[in-house]
Student: 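Take a look at this one; I'll ask things after.
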Amino acid sequence: LSTLKPYQFIILICLITLSWELFYQPVLATSERIILTEPLLQEALTHPILNDGSLIIDLQNFEINLTPENIEFRDQFYQQLQNQFNHSPKPLGLDLSNSLIRGDFNFSQLGLTVQLSQSTLPKQLMTTEKQLLEKDPSFLSEVGEHINTINIFRGLVKLKGTIFTGKTNFSKTFFLQRIEGENVKFNQDSVWTESRFGRDLDFSKGIFNRNLDFSQDLFFGPVKFRQARFQGVTDFKKSSFWSEANFRESHFLQLANFTAIQWLKDVHFDQVNWSDRVLFSQSRFFQNLSFNNATFEKSAAFRSARFSHLIDLHDVKLLGQLDFSNGVFFPYAKMDVSCLAFDSEQAKLLGDKTIIGKTITLSGLKNNETVIRSLVRNFRDLEQIPDANQVEYTAQLLKSQRLSLELLRIPKNVKSLITWLGTLNDWLMLNGLLLFSNYGTNVKLVLGIGLITIAYFGIIFWLLDRVRRWHPHP
């Protein structure tokens, strides 16, 4: 080492550090997991920790064996945790961050079963907790004939970096606090059906290796699946999102089912890669829907969906069909197709004749010439001539706007004045065509203007003839 020059010594230190990071640190991280035994479980149960102002049972960095071969411990695990959660006077959470859960995991066994009616709620619930439960559509303010039951979990749930090797069941549970699940990994099917999420749900960078079922759920708080990877069939059908939903930069490798969903706030699917079909049919979008820079490798169905605001298809790469047939577009609903790329012969934009064309909007003519040609060809191939004409009309309106801006530039010399006059001439002719014929796309308007013009000049000639008869020249 003494013979090494200073810069060589620095390079050697960097190589040693890099080797440690690449080869030794992951081994250490795995070996740091401690096998959870009954004494360690008892220790965690009797000494909950304070996390962000909430009490939580700390089971971080454990290897938890819930396989059938370890049935005695598995039964004790569920029984003791459930007993602790259900008899706690205050909300008590669970932290499984960076733990490895072997075998199937049934979270639903940990909750407190309650009836969703005002008179049957447990007395230990706080006012804020009761208010969340009252949001459930099936909640009864008075005793009725049929009262729905659900499991409630009062505390914070932390699953950061948790690995579940078996099937997981989180169904029919009302989570009253937030769920933190960044970098979580589910190796088998994960079921969350008919659950309620009272606060934030964050599964950013999560990996779902098998099927994921979030059907018939209610999400009251913001939802994040940013940069998540869905490798199996993903099912959110008949769910409701009351707050913002963020799926940015995620990847869906198989069928994604988002049918019959109520989206009350903005929805973000920006930069999402859809490798298989995606279904949004019969869904209701109350705010903006964004697919900015997303890729659709196969078909996407929006049949009978209802849109209230912007549908952002800016810079979308389309290899299959986007089907908006039977869709309902409210007055403020527009479809921004700026820089939309038809990247295969199968790429099509489908929608109802005379309706889909009126929803299309572009940010400007620049960089959208190819988009306009593709859309016109798309609708002509579908024999939807009114929609093709509408796209051309929209393009000419944008051209008129561009010419209007150019006319605002005051000419400074003779050369620029000539250019300005040429622009003025183009502007007058284009606006005349737009005003009197919708740029030739409205046959009825063209014929109407023609008949009015013929009638006008006919009256003029008749009047001139009358005047000559009244005042004959000698």
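What you see is a predicted model, and the numbers here were worked out from it, not measured in a lab.
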Student: Could you walk me through whether Phe105 and Phe186 pass the side-chain contact (heavy atoms from CB on, under 4.5 Å) check?
Tutor: CA-CA 11 Å; Phe105 181 71; Phe186 296 90; over 6 Å; no
Student: CG of Leu96 to CD1 of Ile163: how many Å apart, nearest 0.5 Å?
Tutor: 12.5 Å
Student: Using a 3.5 Å distance criterion without hydrogens, assess whether the side chain of Asp323 forms a donor-acceptor pair with backbone atoms of Ala301.
Tutor: no
Student: Let's go through Asn288 and Asp312 carefully: what are the C-alpha distance in whole Å and the side-chain angles of both, what is the deciding distance for side-chain contact (heavy atoms from CB on, under 4.5 Å) to 0.1 Å, and is it a yes or a no?
Tutor: CA-CA 8 Å; Asn288 297 328; Asp312 187 359; over 6 Å; no
Student: Between Asp276 and Gln254, do the side chains contain an N or O donor and an N or O acceptor separated by less than 3.5 Å?
Tutor: no
Student: Say you draw a straight line from CG of Leu125 to CG of Leu132; how long is it, rounded to the nearest 0.5 Å?
Tutor: 10.5 Å
Student: For Val233, is there any backbone N or O sitting under 3.5 Å from a side-chain donor or acceptor partner on Asn211?
Tutor: yes
Student: Can you list everything that forms a side chain to side chain donor-acceptor pair (under 3.5 Å) with Asp58? Sequence neighbours excluded, please.
Tutor: Gln60
Student: May I have the step-by-step check of side-chain contact (heavy atoms from CB on, under 4.5 Å) for Val157 and Phe175, ending in yes or no?
Tutor: CA-CA 9 Å; Val157 179; Phe175 297 90; 4.2 Å; yes
Student: Is any side-chain heavy atom of Thr149 closer than 4.5 Å to one of Leu116?
Tutor: no
Student: What about the rings of Phe153 and Phe107, do their centers lie closer together than 6.0 Å?
Tutor: yes
Student: Can any side-chain N or O of Thr120 pair as donor or acceptor with the backbone N or O of Gln115 at less than 3.5 Å?
Tutor: yes
Student: I'd like to check Lys158 versus Leu94 (side-chain heavy atoms, cut-off strictly below 4.5 Å). Are they in contact?
Tutor: no
Student: Between Glu69 and Thr67, do the side chains contain an N or O donor and an N or O acceptor separated by less than 3.5 Å?
Tutor: yes
Student: Kindly say whether Leu349 contributes a backbone atom to a donor-acceptor pair with the side chain of Asn378 at under 3.5 angstrom?
Tutor: yes
Student: Can you check whether Asn293 reaches Asp270 side chain to side chain, under 4.5 Å on heavy atoms?
Tutor: no
Student: Knowing that exactly one of Phe296, Phe329, Phe324 qualifies, which makes a ring pair (Phe, Tyr, Trp, His ring centres under 6.0 Å) with Phe302?
Tutor: Phe324
Student: Quick check: do Arg74 and Gln76 have side-chain heavy atoms less than 4.5 Å from each other?
Tutor: no
Student: Angle class for the Trp263/Phe258 ring planes (parallel below 30°, perpendicular above 60°, tilted otherwise)?
Tutor: tilted
Student: Would Ser108 and Asn151 count as a side chain to side chain donor-acceptor pair (under 3.5 Å) if you check the C-alpha gap in whole Å, the side-chain angles of each, and the deciding distance to 0.1 Å?
Tutor: CA-CA 7 Å; Ser108 300; Asn151 298 315; 4.8 Å; no
Student: Any donor-acceptor pair under 3.5 Å linking the side chain of Thr165 with the backbone of Ile101?
Tutor: yes
Student: Closest heavy-atom contact between Lys353 and Pro386?
Tutor: CE-CD, 3.7 Å
Student: Step by step, would you call Asp136 with Arg196 a salt bridge (Lys or Arg N to Asp or Glu O under 4.0 Å)?
Tutor: CA-CA 8 Å; Asp136 194 298; Arg196 309 290 186 255; 2.7 Å; yes
Student: If you draw the axis of the six-membered ring of Phe286, does the NZ or CZ of Arg284 fall within 45° of it and under 6.0 Å from the ring centre?
Tutor: yes
Student: If I compare all heavy atoms of Gln177 with all of Leu156, which pair ends up nearest, and what's the gap?
Tutor: CB-N, 3.7 Å
Student: Looking only at side chains, do Ser290 and Asn292 share a donor and an acceptor under 3.5 Å apart?
Tutor: no
Student: Tell me the closest heavy-atom pair linking Gln216 and Ser239, and the distance in Å.
Tutor: N-OG, 3.2 Å
Student: Indicate the atoms forming the closest heavy-atom contact of Leu112 with Gln124, along with that distance.
Tutor: CD2-NE2, 3.9 Å
Student: I'd like to check Ile35 versus Asn65 (side-chain heavy atoms, cut-off strictly below 4.5 Å). Are they in contact?
Tutor: no
Student: Is it true that atom NZ of Lys317 has more than 12 heavy atoms of other residues, nucleotides or ligands lying nearer than 6.0 Å?
Tutor: yes
Student: Are Phe307 and Thr359 packed together at the side-chain level, in the sense that at least one heavy-atom pair is separated by less than 4.5 angstrom?
Tutor: no
Student: What are the two closest non-hydrogen atoms of Leu319 and Ser344, and how far apart are they?
Tutor: O-OG, 2.6 Å
Student: Are any side-chain N or O atoms of Asn326 and backbone N or O atoms of Arg303, one a donor and one an acceptor, separated by less than 3.5 Å?
Tutor: no
Student: Using 0.5 Å steps for rounding, measure from the CD atom of Gln390 to the CD1 atom of Ile355.
Tutor: 12.0 Å
Student: Identify the heavy atoms of Leu66 and Asp104 that sit nearest to each other, and give their distance.
Tutor: CB-O, 3.8 Å
Student: Just by modelled atom types, is the Asn368 backbone N or O under 3.5 Å from a matching donor or acceptor in the Thr370 side chain?
Tutor: no
Student: When rounded to the nearest 0.5 angstrom, what is the spacing between CZ in Phe203 and NZ in Lys185?
Tutor: 15.5 Å
Student: I would like to know whether His268 and Asp266 meet side chain to side chain donor-acceptor pair (under 3.5 Å); could you show each step before the answer?
Tutor: CA-CA 7 Å; His268 304 280; Asp266 290 347; 4.8 Å; no
Student: Please determine whether the number of non-hydrogen atoms from other residues, nucleotides or ligands lying under 6.0 Å from atom CD1 of Ile49 exceeds 12.
Tutor: yes
Student: Please confirm whether Phe236 and Trp192 have ring centers closer than 6.0 angstrom.
Tutor: no
Student: Please check if the side chain of Glu63 supplies one atom and the backbone of Ile34 the other of a donor-acceptor pair under 3.5 Å.
Tutor: no
Student: What do the steps show when you test Leu350 against Leu382 for side-chain contact (heavy atoms from CB on, under 4.5 Å), and what is the final call?
Tutor: CA-CA 8 Å; Leu350 307 179; Leu382 296 171; 3.6 Å; yes
Student: Could you tell me if the side chain of Ile150 sits less than 4.5 Å from the side chain of Val114, heavy atoms only?
Tutor: yes
Student: Determine, step by step, whether Thr168 and Ser190 satisfy the side chain to side chain donor-acceptor pair (under 3.5 Å) criterion, reporting the C-alpha distance in whole Å, the side-chain angles of both residues, the deciding distance to 0.1 Å, and the verdict.
Tutor: CA-CA 5 Å; Thr168 55; Ser190 187; 2.8 Å; yes
Student: On the 0 to 90° scale, with breaks at 30° and 60°, tag the Phe269-Phe291 ring pair as parallel, tilted or perpendicular.
Tutor: parallel
Student: Measure up the Phe214 and Phe219 rings against each other and bin them: parallel (under 30°), tilted (30 to 60°), perpendicular (over 60°).
Tutor: tilted
Student: With a cut-off of 6.0 Å (strictly less than), are more than 12 heavy atoms of other residues, nucleotides or ligands near CD of Glu369?
Tutor: yes
Student: Begin from the C-alpha positions of Lys358 and Asp387 and carry the test salt bridge (Lys or Arg N to Asp or Glu O under 4.0 Å) through to its verdict.
Tutor: CA-CA 7 Å; Lys358 293 179 181 178; Asp387 297 308; over 6 Å; no
Student: Indicate the ring-plane relationship of Phe230 and Phe225, choosing parallel, tilted or perpendicular according to the 30° and 60° boundaries.
Tutor: tilted
Student: Between Tyr332 (side chain) and Leu310 (backbone), is there a donor-acceptor pair under 3.5 Å?
Tutor: no
Student: Checking Ser275 side chain against Leu253 main chain: does a donor-acceptor pair fall under 3.5 Å?
Tutor: no
Student: Do Ser240 and Ile261 have side chains that approach each other closer than 4.5 Å (heavy atoms only, starting at C-beta)?
Tutor: no
Student: Nearest 0.5 Å please: distance from the CG atom of Leu313 over to the SG atom of Cys339.
Tutor: 12.0 Å
Student: If you measure from CG on Asp200 to CD on Glu244, what distance do you get to the nearest 0.5 Å?
Tutor: 11.0 Å
